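Keep in mind that this is a model prediction, so the values were computed, not measured.
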Amino acid sequence: MDVFTMVIMACVSGEPHCTTSRISEMDFTTAQACETRIDAVTRTMTKDFARRPDFKGRQVTYDVSCMDRAQLAQKFGITSSDT
């Protein structure tokens, strides 16, 4: 059974760089299991951004993907893995 990885890119308006995060859990054995966590993860990230005074009132956009190992390798050009 393959494990899926959630890749999140969060962009705050006006910031030159986006924040990325990769989450891989043993519970992510299907794309659906991965996708069910998206709201919880993005909600936590949004709360963390809201704690930063310089981000108050700014819009945050998220790009979230749930990928298995083959999809990760293809999308990011990974040729080998130690996991």
Side-chain angles (χ1 to χ4, degrees):
M1 192 176 305
D2 205 357
V3 174
F4 283 71
T5 299
M6 180 189 303
V7 178
I8 300 174
M9 183 171 61
C11 300
V12 177
S13 63
E15 289 299 305
H17 302 287
C18 296
T19 301
T20 58
S21 182
R22 187 180 67 135
I23 302 164
S24 185
E25 296 181 2
M26 293 308 293
D27 293 338
F28 292 169
T29 55
T30 65
Q32 184 178 12
C34 179
E35 290 169 357
T36 60
R37 288 284 315 277
I38 290 171
D39 287 340
V41 172
T42 57
R43 187 172 25 259
T44 299
M45 290 179 82
T46 300
K47 287 179 182 179
D48 290 344
F49 288 141
R51 289 187 186 107
R52 294 188 49 181
D54 53 328
F55 286 176
K56 291 275 186 196
R58 292 184 176 185
Q59 182 178 6
V60 179
T61 56
Y62 294 97
D63 183 4
V64 183
S65 299
C66 290
M67 295 175 273
D68 63 21
R69 291 175 201 247
Q71 292 166 325
L72 271 172
Q74 182 178 16
K75 182 163 182 136
F76 297 108
I78 300 168
T79 57
S80 66
S81 174
D82 59 358
T83 59

Shared hydrophobic cluster, V64 / L72 (ILVMFWY, side-chain heavy atoms < 4.5 Å):
no
For K56 and A50, the nearest pair of non-hydrogen atoms, with its separation, is NZ-O, 2.9 Å
Nearest heavy-atom contact between Q71 and C66 is OE1-O, 4.1 Å
Set of side chain to side chain donor-acceptor pair (under 3.5 Å) partners for D48, sequence neighbours left out
R51
Holding to side-chain contact (heavy atoms from CB on, under 4.5 Å), I want the full list of residues that pass it with S24, two or more places apart in sequence or in another chain.
V3, T5
Do V41 and M67 sit in one hydrophobic cluster, given that two such residues count as connected whenever their side-chain heavy atoms are within less than 4.5 Å of each other, even indirectly?
no
Does any part of the side chain of I8, heavy atoms only, come nearer than 4.5 Å to the side chain of T20, both counted from C-beta?
no
Do you know which two heavy atoms are closest between F28 and I23, and how far apart they sit?
CE1-O, 3.7 Å
Quick one: does Y62's side chain get under 4.5 Å of I38's, heavy atoms only?
no
Is there a side-chain contact between M9 and T19, using heavy atoms and a 4.5 Å cut-off?
no
Report yes if some heavy atom in the side chain of R69 is under 4.5 Å from a heavy atom in the side chain of F4; otherwise report no.
no
Do D63 and V7 touch side chain to side chain, with heavy atoms closer than 4.5 Å?
no
Quick check: closest heavy atoms across S65 and K75, and the distance to 0.1 Å?
OG-NZ, 4.5 Å
Can you measure from NE2 (H17) to SG (C11) and round to the nearest 0.5 angstrom?
11.0 Å
Please check: side-chain N/O of E15 versus main-chain N/O of V12, any donor-acceptor pairing under 3.5 Å?
no
Check whether NZ of the Lys or CZ of the Arg R52 lies under 6.0 Å from the centre of the six-membered ring of F55 and within 45 degrees of that ring's axis.
yes
Distance (rounded to the nearest 0.5 Å) between R22 CZ and M6 CE
12.5 Å
Selection residues 31-44 - residue pairs positive for side chain to side chain donor-acceptor pair (under 3.5 Å), sequence neighbours left out
E25-R37
